[in-house]
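What follows is one structure encoded as structure tokens, with my remarks underneath.
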Amino acid sequence: MSKSKNSRLKLYNTYTRHKEDFVAITPNFVKLYTCGLTVYNYAHIGNLRTYIFEDVLKRVLLYNGYKVKHVMNITDVGHLTSDADEGEDKMVLEAKKEKKTVWEIAEYYTNAFENDLRKLNIIFPDFHVKATDHIQQMIDLIKRLEDKGFTYSRDGNVYFNISKFTDYGKLAKLDIDKLKAGARISIDESKKNPFDFVLWFTKSKFEDQEMKWDSPWGKGYPGWHVECSAISMYYLGEHFDIHCGGIDHISVHHTNEIAQSEAATGKKWVNYWLHGEFLIFRQEKMSKSRNEFLTLDVLNEKGYSPMMYRYFCLGAHYRQPLTFSYEALNTAKSTYNRLVNKVIEIKSNIEHSKQNIEFIKSVKIEFLSKINNDLNMPEALAVLWKTLRTDEIGNKEKYGLILEFDKVFGLDLDKVEKLYIEEAKQKVDVKLVERLVKERDEARNRKEWTKSDKIRMRLVEMGIEVRDSRKGTTWKIKS
RNA sequence: GGCGGCAUCGCCAAGUGGUAAGGCAGGGGUCUGCAAAAUCCUUAUCCCCGGUUCAAAUCCGGGUGCCGCCUCCA
């Protein structure tokens, strides 16, 4: 694919705070790491927004002809409610609540999360791996840091010493001297510097901490940040292309990941840092710790399918906060339904063809320039709508473009027809419906309007929408 | 206190120097026995004040309001 200047892929890099031309370390090959979920509860739709953004990124890379090796971790190690060894362990807490072991909790919510990814048509990572399966890699990394003098032990825990790492906080533009330590939490007295962080815990306040492993520093468990560094380097090498996560990870998690990774290897770790903005819920971010979060299943019960939610997310740029409301979600629902109707209609009349090489070429270039401009999905969707509406090309050509664009949108537009037929079979007695539709048609031909309207009423009650046209009557499940 | 973001039509939301994308909702028309669906047309000068410029929603300064991170969190 030859690319003009403005269709080259540009991504906003948090590290430099600029949109940059994307250049892969290895030509045509991208090594991508995305931070996964902490599996002590269901993913809420705010979490899922970020995974949709990352999926779009991956699809755009694939669309541009790159091969992508994608790794995502599963945080299944218990984590504290703070970086200090205080507060409660969320995995333990949830386990107690549900009267299960922490292992059972992790497995249950990992499955739930992976199901959500499938429902959202998110291309599965090549490696979706558990932190607890990589304890050895973490220990090895900590050892390297220890050998190089970046750590110290205090009161049973191994800490990373940020004062030994020159560029600490560069990603978040932190000014350590000006930061008010302990502004919101009490200072951990064991730390030399308030921003030092734990690499390995051997001392826990929790007697019932189930997850413990042997290590050179004693039996214990790893600090939170170390898993991402260890796992990403194990699968992708010590220098890779892109690392993603939510915007909340910039100042602590990713900052610490960079410190420990680059301290260990002595070289640049990640080239591009991409962060997804939050879903805003009633004026504030949706949060797991406040019990008001919505899941994909809850939305589904309320009549909003995962694809509708995906469309909803595509309507806003990933670096902008997106305001959630049912009014807005209804918009996405109507729009998605209309899109699906359009696609089915186009496909049902696919023999209609009108070639226009110039138009097809220009609309493809336009699409590419939108998605390559830091993944501008709202504008890419506008290109899709323009394509659906145009008279410049026929249905056959439109359908081809729809399928091509949907490689990036991931809205399942290629199987939408099949899905609708399956849905219909599940929900209604298809034979009965077709008999009634036929009866109604016959009545209409005899201009027996009372009878035909009566039959239509009955169909409506069954949840069937009847559509008359010159070509005859069709029907579909009301959405 | 530090860092970061946001304020664009009723709603969601693009656009970041050259005269306001798109979707939804609303209004009007076409089609239809009626309806639905479809389709066409239609709706904003961009929070306020000041500045730079031939030209600003877009840059600069000030103000107001809102939000996020700095604590596990996408």
Side-chain angles (χ1 to χ4, degrees), chain A residues 14 17 34-38 40-41 43-54 75 78-84 86-91 93 169 172-186 194-195 224 244-253 255 275-280 283-290 293 311-312 314-317 319-325 327-336 338-339 341-342 345 370 376-386 389 444 447-449 452-453 456 460 465-470 474-476 478:
Chain A
T14 306
R17 310 284 161 125
T34 58
C35 281
L37 194 74
T38 305
Y40 66 93
N41 207 332
H44 65 238
I45 58 174
N47 297 321
L48 294 172
R49 181 186 181 202
T50 297
Y51 299 109
I52 291 171
F53 137 63
E54 291 162 351
T75 301
H79 278 301
L80 306 170
T81 50
S82 99
D83 212 25
E86 59 179 32
E88 296 190 89
D89 182 305
K90 285 192 286 195
M91 294 275 287
L93 199 69
K173 294 190 169 178
L174 300 179
D175 187 338
I176 300 303
D177 297 332
K178 284 186 187 163
L179 275 173
K180 269 192 174 174
R184 292 174 62 194
I185 50 159
S186 56
F195 299 99
W224 175 40
C244 299
I247 196 165
D248 55 331
H249 279 156
I250 296 171
S251 57
V252 178
H253 185 48
T255 290
H275 294 95
E277 252 289 356
F278 281 132
L279 182 74
I280 304 299
Q283 300 298 319
E284 58 184 32
K285 76 160 182 167
M286 187 170 287
S287 163
K288 274 192 190 180
S289 31
R290 310 167 204 186
F293 69 83
Y311 189 94
F312 173 75
L314 257 29
H317 189 93
R319 279 194 290 118
Q320 298 297 342
L322 173 59
T323 315
F324 177 86
S325 68
E327 190 185 358
L329 192 58
N330 276 328
T331 292
K333 180 177 178 169
S334 306
T335 310
Y336 183 70
R338 201 164 149 247
L339 180 60
N341 284 338
K342 270 299 255 181
E345 185 201 318
K370 301 305 184 190
N376 195 325
M377 289 305 117
E379 294 212 321
L381 283 174
V383 175
L384 175 67
W385 283 105
K386 175 183 163 186
R389 252 185 232 295
R444 289 181 70 231
K447 297 194 193 295
E448 292 172 16
W449 309 129
S452 73
D453 285 353
R456 183 169 67 200
V460 167
E465 192 175 280
V466 184
R467 293 177 182 175
D468 299 328
S469 77
R470 266 186 230 108
T474 57
W475 62 274
K476 72 181 282 282
K478 254 199 294 189

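Each chain gets a letter, A, B and so on, in the order its sequence line appears, and its residues count up from 1. This structure is a prediction, so every number in the text was calculated from the model and none was measured.
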Report yes if at least one side-chain N or O of [X] is closer than 4.0 Å to OP1 or OP2 of [N]; otherwise report no.
| X | N | result |
| --- | --- | --- |
| Arg389(A) | G23(B) | yes |
| Asn330(A) | A25(B) | no |
| Gln320(A) | G5(B) | no |
| Lys342(A) | U39(B) | yes |
| Arg338(A) | A36(B) | no |

Using a cut-off of 4.0 Å on non-hydrogen atoms, how would the nucleic acid contact of [X] be classed: base, sugar-phosphate, or nothing?
| X | result |
| --- | --- |
| Arg49(A) | nothing |
| Gly245(A) | sugar-phosphate |
| His275(A) | nothing |
| Arg17(A) | sugar-phosphate |
| His253(A) | nothing |
| Tyr311(A) | nothing |
| Thr474(A) | nothing |
| Leu322(A) | sugar-phosphate |

* To do: Spell out yes or no: do the side chain of Asp468(A) and the base of C34(B) have one donor N/O and one acceptor N/O closer than 3.5 Å?
  =>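 Check passes, donor-acceptor contact within cut-off.
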* Asked: Taking N and O atoms by type only, does the side chain of Arg456(A) place a donor or acceptor under 3.5 Å from a partner on the base of A35(B)?
  ->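 Such a pair is found, so the answer is yes.
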* Thr335(A) or Glu54(A), whichever maps to the more 5' nucleotide of RNA chain B ->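 Going by which nucleotide is closer to the 5' end, it is Thr335(A).
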* What distance, rounded to whole Å, do you find between the two C1' atoms, one in G65(B) and one in C47(B)? ->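 Going atom to atom, C1' in each nucleotide, I get 8 Å.
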* Taking atom C1' in both U43(B) and G4(B), compute the distance separating them and give it to the nearest angstrom. =>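 Here U43(B) and G4(B) have their C1' atoms 36 Å from each other.
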* Stacking here means centres under 5.5 Å and planes under 30°; does Trp385(A) stack on G23(B)? ->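 No, the aromatic ring of Trp385(A) does not stack with the base.
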* Asked: Do Thr323(A) side-chain atoms and Leu279(A) backbone N/O form a donor-acceptor pair below 3.5 Å?
  ->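 No.
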* Kindly point out which of G5(B), A38(B), G68(B) is positioned nearest to the side chain of Phe278(A)? =>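 Selected nucleotide (nearest to the side chain): G68(B).
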